[in-house]
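No hydrogens, no waters, no symmetry mates; every other heavy atom, side chains included, goes into these values.
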Amino acid sequence: MLPSGLPEIVADDEALARLLTSSSHFNATTVKPSAFLPNPKAGMTTSVFRHDAGNLIQLARDRRPDVTVHGAAICKAAAVRSAKLDVIAEEPPPLHANIVGWPVNEADLVLQKAAQKERALVITSKCKLVLF
Amino acid sequence: MSEPFSLIDAWAGYGDGTAVSAEADTIRRSVSAVIESVHESVWLFGLRGEAVSEVLSVAAKHSQARWDGEGAEPVSVLAIDRAIAFIRALPRSIPVPEIAAEPDGSISLDWIDSRSRVLSISIGVSDRLAFAWVDGTDQGHAVARFDGERIPPLILERIRETMGNASVRAA
């Protein structure tokens, strides 16, 4: 059991929230793949919280007070795994997890980006957009 | 409100194109050129102009390092130039894309028909473009080279498949 009280393994039916810190990462109805692309400077991972659509504003205030959060993309862990990626709990902070397993191709970084983008698209095709 | 000026109406004043004088023919050709130029301007400064403005706006909002609080790179000047060149090279029949910033400093051009029907292109510092699509159960990714003037045919085909009969986004 983790300090937050959550189990160490993220279950397929758990909801994940990707906080949206760029207004360019969504339109009126849809989350764009850019919202999920991994950060090369963060070990090629995508940060998410094990949290559903309820009370997201409080989550954003608690966990990301340093940036403007416009809303969140909500999906199940199963959606991430259907993109041949995985979700690994990583606390602190509480409820935090990383999407890992992004394709890496050091010989061709453009091709690597294309492969990552495809995975991100699979996730966003199964996401719900919640705007604040 | 005043009636909008129409060059088509103005053109009608020059008859049915059967005039025989050299002056009439010259005028007819001149008006044709003006109409074509206006149509091009509407496209350039309307639809494509709006998309170019969006590129600049997104770049301005993401010009600082760590704009996401997680170490994102600022949007690169080269990516801005290439994205604008790409938009300007789009044929008129192609809807303009939505614009987004990416954590590595690239610009994403996205054609979104629905959340399960999307084509996304990354434009970064290279002349090679990463792109990927999802179309229902079909999905894939590829790389294509953009010379700054001509949109790679594979990408054009993908945009058309993604957007189907979607109308060109209004300015």
Side-chain angles (χ1 to χ4, degrees), chain A residues 18-47 60 63-70 73 75 79 82-84 98 103 105 108-129, chain B residues 54-55 57-62 64-73 75 97-145 162 169:
Chain A
R18 169 69 173 162
L19 297 179
L20 301 171
T21 56
S22 167
S23 58
S24 75
H25 286 173
F26 57 89
N27 63 21
T29 59
T30 309
V31 182
K32 299 180 189 176
S34 312
F36 276 90
L37 285 175
N39 187 341
K41 289 194 169 176
M44 208 57 92
T45 61
T46 301
S47 173
R63 304 288 171 242
R64 299 302 307 273
D66 53 325
V67 288
T68 300
V69 179
H70 304 274
C75 66
S82 75
K84 298 176 186 168
N98 279 325
N105 183 346
D108 189 338
L109 295 180
V110 179
L111 190 55
Q112 168 183 291
K113 180 77 172 285
Q116 291 175 347
K117 190 159 254 203
E118 180 185 339
R119 309 278 176 105
L121 277 167
V122 172
I123 298 173
T124 54
S125 72
K126 295 168 182 171
C127 272
K128 184 173 81 172
L129 173 65
Chain B
E54 202 176 334
V55 168
S57 171
V58 166
K61 287 178 185 168
H62 303 81
Q64 303 290 324
R66 294 179 52 82
W67 48 260
D68 61 348
E70 297 178 339
E73 298 283 350
V75 170
E98 297 185 30
I99 316 296
E102 297 186 338
D104 65 355
S106 299
I107 289 176
S108 182
L109 305 185
D110 301 315
W111 282 264
I112 303 171
D113 183 66
S114 67
R115 70 179 183 174
S116 60
R117 201 168 181 193
V118 181
L119 170 71
S120 185
I121 302 174
S122 278
I123 300 186
V125 296
S126 163
D127 64 352
R128 296 171 71 234
L129 309 182
F131 65 102
W133 64 90
V134 60
D135 187 355
T137 55
D138 177 40
Q139 64 194 61
H141 68 269
V143 170
R145 193 175 299 277
T162 300
R169 208 172 77 185

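- Annotation: maximal heavy-atom pairing with chain A below 4.5 Å, among B/Ser116, B/Ala132, B/Gly124, occurs at B/Ala132.
- The part of B/Ala72 that comes within reach of chain A is its backbone (N, CA, C, O), which places non-hydrogen atoms under 4.5 angstrom from that chain.
- The contact between A/Val110 and chain B is made by backbone and side chain atoms together, counting heavy-atom distances below 4.5 Å.
- If you measure heavy-atom distances from B/Val58 to chain A, the contacts under 4.5 Å come from the side chain alone.
- Contact tally against chain B (heavy-atom pairs below 4.5 Å) for A/Val67, A/Asp66, A/Asn39: the top residue is A/Asn39.
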For this session: Show the numbers, then the answer: is there a side-chain hydrogen bond (donor to acceptor under 3.5 Å, both in side chains) between A/Lys32 and B/Ser108?
Result: CA-CA 9 Å; A/Lys32 299 180 189 176; B/Ser108 182; over 6 Å; no

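- Looking at A/Arg18, its side chain does come within 3.5 Å of a backbone N or O of A/Ala35 through a donor-acceptor pair.
- Ion pair A/Lys84/A/Glu118 not flagged as a salt bridge, since none of the NZ, NE, NH1 or NH2 atoms sits closer than 4.0 Å to an Asp/Glu carboxylate oxygen.
- Heavy atoms closer than 4.5 Å to chain A are found in the side chain of B/Ser126, but not in its backbone.
- A donor-acceptor contact under 3.5 angstrom links the side chains of A/Lys117 and B/Ser122, judged on distance only.
- Side-chain atoms of B/Lys61 and A/Ser24 include no donor-acceptor pair closer than 3.5 Å.
- Taking CD1 from B/Ile121 and CD1 from B/Ile107, the interatomic distance works out to 12.5 Å, rounded to the nearest 0.5 Å.
- With a 4.5 Å cut-off on non-hydrogen atoms, A/Arg119 does not touch chain B at all.
- Interface remark: B/Asp110 contributes side-chain atoms only to the contact with chain A (heavy atom separation under 4.5 Å).
- When B/Arg66, B/His141, B/Arg117, B/Gln139 are compared by the number of non-hydrogen pairs under 4.5 Å with chain A, B/His141 comes out ahead.
- Residue contact with chain B, scored on non-hydrogen atoms closer than 4.5 Å, involves the side chain of A/Thr30 exclusively.
- In this structure, A/Arg64 contributes its side chain and B/Asp68 its backbone to a donor-acceptor pair below 3.5 Å.
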